[in-house]
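These notes concern the structure reproduced below.
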Amino acid sequence: QVQLVESGGGFVQTGGSLRLFCTASGSFVKDNTVDWYRQGSNSEREWIARITADGGTAYADSVKGRFIIARDGTRNTVYVQMNNLKPEDTAVYYCNIGETDNWGQGTQVTVSS
């Protein structure tokens with residue numbers, strides 16, 4: 001399995017911003033669809049954003065207008081810029097590359113009131 005690494009999580013107050021990163025070996029990020037998911041405590045995993053290999057994007061209604069998914073200039077990393085964070089955004093965030101059953105350790109985002 002490709003090694004996935006999520007990073008960038010942390011603690012932030014309501015209304016703050018964070019940027020999460022998804023990296024993988026080789027050209028997997030560049031050549032494949034990348035999805036971001038999140039899972040809150042005692043909750044099911046929720047899909048929140050997608051970027052395709054050609055740069056098309058899609059968002060869940062819960063984050064639309066607040067989150068932006070993109071690749072960096074080298075196309076080696078995909079990030080999700082999260083703005084205007086709310087307490088309900090508190091979760092462990094995971095990326096997925098190529099729509100395979102392969103997950104990293106996730107990165108914790110905690111938004112305080």
Side-chain angles (χ1 to χ4, degrees):
Q1 292 183 325
V2 62
Q3 181 71 46
L4 305 179
V5 179
E6 300 98 339
S7 62
F11 295 85
V12 65
Q13 293 182 312
T14 296
S17 298
L18 288 171
R19 181 174 288 188
L20 307 183
F21 301 88
C22 178
T23 61
S25 60
S27 60
F28 288 98
V29 169
K30 176 183 177 181
D31 295 338
N32 292 278
T33 291
V34 177
D35 293 282
W36 278 95
Y37 293 78
R38 65 187 182 188
Q39 186 169 14
S41 297
N42 302 311
S43 300
E44 294 184 357
R45 184 177 293 150
E46 174 192 16
W47 173 85
I48 59 168
R50 162 174 287 190
I51 185 165
T52 62
D54 66 356
T57 60
Y59 300 91
D61 288 342
S62 59
V63 306
K64 191 176 299 181
R66 298 188 297 119
F67 291 11
I68 300 294
I69 188 170
R71 288 181 174 85
D72 71 7
T74 67
R75 296 185 177 269
N76 294 321
T77 300
V78 163
Y79 66 84
V80 57
Q81 176 68 40
M82 308 188 298
N83 299 314
N84 192 25
L85 285 162
K86 306 174 181 179
E88 53 262 44
D89 295 319
T90 295
V92 179
Y93 284 72
Y94 302 88
C95 66
N96 181 269
I97 300 176
E99 301 178 274
T100 60
D101 189 15
N102 182 31
W103 306 92
Q105 295 300 305
T107 186
Q108 175 73 51
V109 171
T110 302
V111 184
S112 62
S113 301

Could you grab the distance from atom CZ of F21 to atom CG of D72, nearest 0.5 Å is fine? 8.5 Å
Ignoring hydrogens and angles, tell me if any N or O in the side chain of W103 forms a donor-acceptor pair with the backbone of Q105 under 3.5 Å. no
Sidechain N-carboxylate O distance under 4.0 Å for K86, D89: no
Has the side chain of E6 got a donor or acceptor atom that lies under 3.5 Å from a matching backbone atom of C95? yes
Main-chain N/O of D31 paired to S27 side chain as donor or acceptor, under 3.5 Å: no
How long is the straight-line distance from OG of S17 back to CZ of R66, given to the nearest 0.5 Å? 10.0 Å
Would you name the heavy atoms of N32 and R71 that are closest together and state the gap between them? O-NH2, 2.7 Å
Exercise: identify the closest heavy-atom pair between P87 and S113: CG-OG, 3.6 Å
Nearest 0.5 Å please: distance from the CG atom of N76 over to the SG atom of C22. 11.5 Å
Between the OG1 atom in T77 and the NZ atom in K30, the distance rounded to the nearest 0.5 Å is 13.0 Å
Main chain of D101, side chain of N96: is a donor-acceptor contact present, judged purely on distance under 3.5 Å? no
Please test T90 against Q108 for side-chain contact (heavy atoms from CB on, under 4.5 Å), starting from the C-alpha separation and ending with a verdict. CA-CA 8 Å; T90 295; Q108 175 73 51; 4.1 Å; yes
In the hydrophobic clustering that connects Ile, Leu, Val, Met, Phe, Trp and Tyr at side-chain heavy-atom distances below 4.5 Å, which members other than V34 occupy its cluster, ordered by chain and number? V2, L4, V12, L18, L20, F28, V29, W36, I48, I51, Y59, V63, F67, I68, I69, V78, V80, M82, L85, Y93, I97, V109, V111
Please round to the nearest 0.5 Å and tell me the distance separating atom OH of Y79 and atom CD of Q81. 7.0 Å
Kindly write out the residues that satisfy side-chain hydrogen bond (donor to acceptor under 3.5 Å, both in side chains) with N42, not counting sequence neighbours, or none if the list is empty. none
If you measure from CZ on R38 to CZ on R45, what distance do you get to the nearest 0.5 Å? 13.5 Å
E88 atom CD, neighbour heavy-atom count above 12 within 6.0 Å: yes
Where the side chain of T14 meets the backbone of S112, is there a donor-acceptor pair that is under 3.5 Å apart? yes
